[in-house]
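Note that the structure is predicted; figures quoted are calculated from it, not measured.
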Amino acid sequence: METGEVLLEEIGVTLGAQEIFGEIAFFTDAKERTVSARCVGVCRIFAIDEARFITLYHQNPTFGFAIVKLIANRLMDGIQTRPEAYLPVASDDQPSRPGAP
């Protein structure tokens with residue numbers, strides 16, 4: 001995003017200018033978003049398709065490392081601020097979390 005602010009609604013995080021969002025979808029089989037993003041006021045947002053993203057990831061080690069670092073930082077922040085979101089999902093024969101009946 002070049003300018004403005006974007007609210008990631010489900011997790012209550014606001015991103016500002018020069019921040020990236022939507023990167024997780026490029027690394028999952030489902031290719032789905034994990035949270036909703038809503039502009040707070042006027043924003044100028046740049047989009048990138050998967051083919052271009054993958055090309056940049058492979059051709060530019062600095063870009064690739066920055067994306068991996070961003071994902072790792074967001075994962076670690078999420079574990080600390082919303083640990084319940086990182087518990088295993090229960091199947092029919094498995095408890096929803098360690099120690100659950």
Exercise. Does any pair with a residue in residues 64-80 pass salt bridge (Lys or Arg N to Asp or Glu O under 4.0 Å), and if so which ones, sequence neighbours excluded?
Worked result: E23-R74
Exercise. Any salt bridge (Lys or Arg N to Asp or Glu O under 4.0 Å) pairs touching residues 48-62, not counting sequence neighbours?
Worked result: K31-E50
Not counting sequence neighbours, which residues clear side-chain hydrogen bond (donor to acceptor under 3.5 Å, both in side chains) with [X]? List them please.
{"X": "R44", "result": "E2"}
{"X": "E19", "result": "none"}
{"X": "T62", "result": "none"}
{"X": "E84", "result": "none"}

Exercise. Looking only at heavy atoms, which two atoms of F21 and A37 are closest? And how far apart?
Worked result: CE1-CB, 3.8 Å
Problem set entry | C43/V6 under side-chain contact (heavy atoms from CB on, under 4.5 Å): CA gap, chis, key distance, verdict | CA-CA 8 Å; C43 293; V6 169; 4.3 Å; yes
Exercise. Which pairs with one or both residues in residues 59-83 pass ring-ring contact (aromatic ring centres under 6.0 Å, His included), sequence neighbours excluded?
Worked result: F53-F63
So [Y] and [X], do their side chains get closer than 4.5 Å, heavy atoms only?
{"X": "I24", "Y": "I71", "value": "yes"}
{"X": "V13", "Y": "L15", "value": "yes"}
{"X": "L56", "Y": "I48", "value": "yes"}

Problem set entry | Same apolar cluster (I L V M F W Y, side chains within < 4.5 Å links), I45/I20 | no
Exercise. If two hydrophobic side chains count as joined below 4.5 Å and joins carry through other members, does V68 share a cluster with L75?
Worked result: no
Problem set entry | Side-chain hydrophobic cluster, 4.5 Å single linkage: members besides F46 | none
Exercise. Got a sec, which hydrophobics cluster with V40, joining ILVMFWY side chains under 4.5 Å apart, including via others?
Worked result: L7
Exercise. Which residues pass the side chain to side chain contact (heavy atoms under 4.5 Å, CB included) test with V35, sequence neighbours left out?
Worked result: L8, E10, I11
